[in-house]
Amino acid sequence: MTEETPQETPPASLTREFSVGRVLANSFSTLNSNLPSFGLLALILMIPNAYFIIAPLGGSPVTLGDISNPLAIAGVTMVLQVVFGSLLSAMLIYGTFESMKGHKVNIGDLISKGLAVVFPVVGLAIIIGFIIALGMILLIVPGVILAIMFYVAIPVRVVEGRNIGDCLSRSEKLTKGHRWSIFGLLVLVVIISTLINAVAGGLMAIIGNLPLMGTILYIVSAYITAFGSVISAMVYYELRAAKEGVDIDELSQVFA
């Protein structure tokens, strides 16, 4: 993937307004139409999460081989979650653009493209997480602002192949002027996720089988995680369409 040269501001006729409704509608459509591939990858890469969801519900002690220290287990789990989560994001961002272009999404291609950028994406995710954590320490609000400011940094890395500093700067510029819209979108995503979890919780209460409850919770969590990756790709695309007049054909050329 080659680094793209920032475009000059296009004529207004080539741009369009950033639309929260369009982002949500296109994200649901893209995820659901590619659910066999996107969902399978999410289920596989969230295995660390599954272990810690299902095992306690089944009454099994949570251990990792000979490791039983809670802090050690938490540390190993966090590392795996960051690595696997970053890989999943990279794969689904690529898959989202392929799907939007009308191409059939191939799991082998998703894995290949994801593995090609996993280490820089992991590094970027760690740095963004650290920056947001520092902001959260400062009465939460700065952390929320930083999270929105750098929301599309990972799609920038996947699509444009920039270094970490440029990814952060590029995300800051792309989100500028649209941060309230992005904030509102993320609030809606939280509400939708809460409703999905509530429905799943109701089903689990009816079922009453603890291991099965954990399995349902895991599947729901995988779906919501996949949805989050697709949303970030859609926001990135909408921001570039709004600010630079880029269409999906032009954007997807970097994956050729």
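None of the values given here were measured: they were computed from a predicted structure.
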All pairs passing salt bridge (Lys or Arg N to Asp or Glu O under 4.0 Å) where [range] contributes a residue, at least two apart:
{"range": "residues 193-204", "value": "none"}
{"range": "residues 18-27", "value": "Arg22-Glu238"}
{"range": "residues 178-197", "value": "Glu172-Arg179"}

### Query
Can a salt bridge be assigned to the pair Glu160 and Arg240 using a cut-off of 4.0 Å between side-chain N and carboxylate O?
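A salt bridge links Glu160 with Arg240.
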### Query
Does a side-chain N-to-carboxylate-O contact under 4.0 Å join Glu17 and Lys243?
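The answer is no: the pair does not qualify as a salt bridge.
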Keeping [X] on the side-chain end and [Y] on the backbone end, is there a donor-acceptor pair under 3.5 Å?
{"X": "Ser171", "Y": "Val152", "result": "yes"}
{"X": "Ser29", "Y": "Ala25", "result": "no"}
{"X": "Ser112", "Y": "Gly108", "result": "no"}
{"X": "Asp166", "Y": "Arg162", "result": "no"}
{"X": "Ser169", "Y": "Gly165", "result": "no"}
{"X": "Ser99", "Y": "Gly95", "result": "no"}

When hydrophobic residues are tied together by side-chain contacts of less than 4.5 Å, even through go-betweens, does [X] share a cluster with [Y]?
{"X": "Val141", "Y": "Met136", "answer": "yes"}
{"X": "Leu110", "Y": "Ile44", "answer": "yes"}
{"X": "Leu115", "Y": "Val122", "answer": "yes"}

### Query
What pairs meet the ring pair (Phe, Tyr, Trp, His ring centres under 6.0 Å) rule with one or both residues in residues 182-202, with sequence neighbours excluded?
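Pairs touching residues 182-202 that pass the test: Trp180-Phe183.
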#### Entry: Over all atoms of both residues, closest heavy-atom pair of Leu124 and Ala153
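Closest heavy-atom pair between Leu124 and Ala153: CD2-O, 3.5 Å.
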### Non-hydrogen side-chain atoms of Ile231 and Leu31 separated by less than 4.5 Å
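Ile231 vs Leu31: side chains apart.
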Who passes side-chain contact (heavy atoms from CB on, under 4.5 Å) against [X], sequence neighbours left out?
{"X": "Leu186", "answer": "Ile148, Tyr151, Ile182"}
{"X": "Ile191", "answer": "Val187, Leu195"}
{"X": "Leu138", "answer": "Pro142"}
{"X": "Ile107", "answer": "Ser37, Leu40, Leu41, Ile111"}

Indicate every side-chain donor-acceptor pair of residues 84-92 with a distance under 3.5 Å to a residue at least two apart or in another chain.
residue	atom	partner	partner atom	Å
Ser86	OG	Val82	O	2.7
Ser89	OG	Gly85	O	3.2
Ser89	OG	Ser229	OG	3.4

### Query
Can you list the residues that meet the side-chain hydrogen bond (donor to acceptor under 3.5 Å, both in side chains) rule with Asn32, with sequence neighbours excluded?
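Asn32 satisfies side-chain hydrogen bond (donor to acceptor under 3.5 Å, both in side chains) with Tyr223 only.
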### Qualifying residues under ring pair (Phe, Tyr, Trp, His ring centres under 6.0 Å), relative to Phe18, sequence neighbours excluded
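So Phe18 forms a ring pair (Phe, Tyr, Trp, His ring centres under 6.0 Å) with His178.
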### With sequence neighbours excluded, residues passing ring pair (Phe, Tyr, Trp, His ring centres under 6.0 Å) with Phe227
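In terms of ring pair (Phe, Tyr, Trp, His ring centres under 6.0 Å), with neighbours along the sequence ignored, Phe227 is linked to Phe28.
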